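On a predicted model such as this, the values are computed, not experimentally measured, just so you know. Residues take their numbers from the sequence shown, with the count starting at 1.
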Amino acid sequence: LDYSGKRPSILDLKTGERRSVELFVAVMGASRKTFAYATYTQRLQDWCEANVRALEFYRGVPRLLVPDNLKSAVDRVTVAEGHVINYTYAKLAQHYDCIVMPTRPRKPKDKAAVEVGVRFTQRWILARLRNRVFTSIGELNAAIAELLVRMNDKPMRAHDGKSRSQLFEELDRPALKALPELPFEYADWKLNVTVAQDYHILWDGHHYSVPHTYIGAKVRIRATARQIEVYAKDDHCPIATHLRSSKRGGCTTQVEHQPAAHRVYAQDQGTELIAWAERSGSWISAFVKKHIDAHRRPALSMQAMRGLRRMAKEYGPERLNAACHRALRINTT
């Protein structure tokens, strides 16, 4: 698995500028059947997508994935640890039940097949596309896919006229494992996250609850486009699962994650505080309701309401009511 040094480009219709994109290349070990796919970057998400599409192209899973030492595949290389595989990429390999075996630094012979495959792809595909204009990466990949068929079906004199596709069916295909039922779903990870005292963790500006018994514990967070999963250390089953929210500063709390005292607060004391606020002033009442609705964090709301009561005793309900009015006008809760 490697990226081509020479890159295709797509045209931005708004600016009229050409944007260079990356060309991912995968080559099967024995048959040299080649797969190519354009991605915007070499970043982790694009790298994982290209790997998944390569495995789907071959309709099977090899024993080894042999990438170069790019950052999306290898976090670091040390004398003591050797290659430390990127956590997300290691999860991809685990999903497909294969092993990532990166090449040694500055040892191109470790991936000689893909080195040759990259050069062949540059001549066979990039050279044929150099005068064509593409306005989207999907359009570019459709053109690459057409040329891949011709390239892999081309007879080779060195192999008695057999093509890469024929050799693949004879040599590589029987050795591949079946693809899993579902493709790998890309996810971002955060490791060694400490659960706060209010039993919530933070992802992309939004707070998500975990069982209160994990306060102070280290957890791992897995975030897909649809949901957030929280895992305890060395545990393969999530301790909390939430639908992902785009509301920055918001909070998602599951009742079963709360300690008993907070459940009582949410059910009983919340009503009591609202009743106190309504007796004290209309703007105080509106501020309390907005705070509870906006944060949905019992511990935080209780602390805020206690502060309001203290302020009412110290400055009087009239001044507090005016202050709450101003806070609501400038949208501060």
Side-chain angles (χ1 to χ4, degrees), residues 1-8 21-39 42 46-70 72-73 89 92-93 95-103 107-130 132 137-184:
L1 312 168
D2 203 0
Y3 278 103
S4 167
K6 296 180 180 179
R7 301 185 294 172
V21 295
E22 304 293 340
L23 184 65
F24 170 89
V25 179
V27 178
M28 191 58 68
S31 65
R32 301 298 192 259
K33 184 171 183 178
T34 302
F35 170 75
Y37 185 74
T39 63
Q42 294 187 20
D46 287 332
W47 168 255
C48 289
E49 181 194 358
N51 273 257
V52 170
R53 289 185 179 271
L55 295 176
E56 291 174 347
F57 173 80
Y58 293 119
R59 307 187 313 280
V61 182
R63 292 183 181 180
L64 300 177
L65 299 176
V66 185
D68 203 349
N69 287 274
L70 76 163
S72 294
Y89 191 45
L92 181 149
H95 179 83
Y96 288 104
D97 191 25
C98 57
I99 298 171
V100 177
M101 186 174 288
T103 60
K107 297 291 183 180
K109 289 185 178 180
D110 287 358
K111 54 181 177 66
V114 77
E115 291 285 345
V116 174
V118 166
R119 290 196 295 271
F120 187 67
T121 302
Q122 290 171 350
R123 292 196 299 266
W124 186 269
I125 293 180
L126 292 186
R128 284 170 169 77
L129 298 180
R130 66 183 182 277
R132 293 180 58 179
I137 202 159
E139 185 182 346
L140 172 60
N141 276 318
I144 291 173
E146 291 179 7
L147 291 174
L148 276 178
V149 174
R150 293 169 54 189
M151 183 175 81
N152 286 314
D153 288 346
K154 182 179 182 295
M156 297 182 292
R157 285 178 294 178
H159 295 277
D160 299 325
K162 293 183 178 180
S163 67
R164 287 173 171 79
S165 293
Q166 288 174 312
L167 290 174
F168 172 78
E169 294 298 330
E170 293 177 11
L171 303 175
D172 288 319
R173 180 69 175 157
L176 296 181
K177 291 181 290 188
L179 288 168
E181 291 185 9
L182 297 175
F184 173 76

Query raised in the report: Between R53 and E49, is the closest basic N to carboxylate O distance under 4.0 Å?
Result: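 So E49 pairs with R53 through a salt bridge.
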
**Report entry** Salt bridge E170-K33, side-chain N to carboxylate O under 4.0 Å
**Finding:**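 No, E170 and K33 are not salt-bridged.
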
Nearest atoms (heavy-atom pairs only) where [X] meets [Y]:
{"X": "G117", "Y": "V27", "value": "CA-CG2, 3.8 Å"}
{"X": "L140", "Y": "L129", "value": "CD1-CD1, 4.1 Å"}
{"X": "P183", "Y": "Y96", "value": "CA-OH, 3.6 Å"}
{"X": "S31", "Y": "L167", "value": "CB-C, 3.5 Å"}
{"X": "P62", "Y": "C98", "value": "O-CB, 3.3 Å"}
{"X": "N69", "Y": "T103", "value": "ND2-O, 2.7 Å"}

Are there over 12 heavy-atom neighbours, none belonging to [X], within less than 6.0 Å of that residue's [atom1]?
{"X": "M101", "atom1": "CE", "result": "no"}
{"X": "K177", "atom1": "NZ", "result": "yes"}
{"X": "R63", "atom1": "CZ", "result": "no"}

Quick one: pull up [atom1] in [X] and [atom2] in [Y] and give me the separation to the nearest 0.5 Å.
{"X": "L179", "Y": "Y58", "atom1": "CG", "atom2": "OH", "answer": "13.0 Å"}
{"X": "T121", "Y": "F24", "atom1": "OG1", "atom2": "CZ", "answer": "11.0 Å"}
{"X": "M151", "Y": "I144", "atom1": "CE", "atom2": "CD1", "answer": "10.5 Å"}
{"X": "L1", "Y": "S72", "atom1": "CG", "atom2": "OG", "answer": "12.0 Å"}
{"X": "F57", "Y": "L148", "atom1": "CZ", "atom2": "CG", "answer": "5.5 Å"}
{"X": "K162", "Y": "L171", "atom1": "NZ", "atom2": "CG", "answer": "7.5 Å"}

Under 3.5 Å: donor-acceptor pair, side chain of [X], backbone of [Y]:
{"X": "R173", "Y": "R59", "answer": "yes"}
{"X": "R150", "Y": "L147", "answer": "no"}
{"X": "N152", "Y": "S163", "answer": "no"}
{"X": "D46", "Y": "Q42", "answer": "no"}

Quick check: do [X] and [Y] have side-chain heavy atoms less than 4.5 Å from each other?
{"X": "D68", "Y": "Y3", "answer": "no"}
{"X": "L65", "Y": "Y89", "answer": "yes"}
{"X": "K6", "Y": "L23", "answer": "no"}

Query raised in the report: Does the cation-pi check pass for R164 over F120, that is, NZ or CZ under 6.0 Å from the six-membered ring centre and within 45° of its axis?
Result: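 Checked: cation-pi criterion met.
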
Query raised in the report: With respect to S4, which candidate in E22, R119, Q122 satisfies the side chain to side chain donor-acceptor pair (under 3.5 Å) definition?
Result: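 Answer to the side chain to side chain donor-acceptor pair (under 3.5 Å) test with S4 among E22, R119, Q122: Q122.
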
Query raised in the report: For V52 and L92, what are the C-alpha separation, side-chain angles and deciding distance, and is it a side-chain contact (heavy atoms from CB on, under 4.5 Å)?
Result: CA-CA 9 Å; V52 170; L92 181 149; 4.0 Å; yes

Report task. Take S165 and D153 through the side chain to side chain donor-acceptor pair (under 3.5 Å) test and state the conclusion after the steps. Result -> CA-CA 6 Å; S165 293; D153 288 346; 3.0 Å; yes

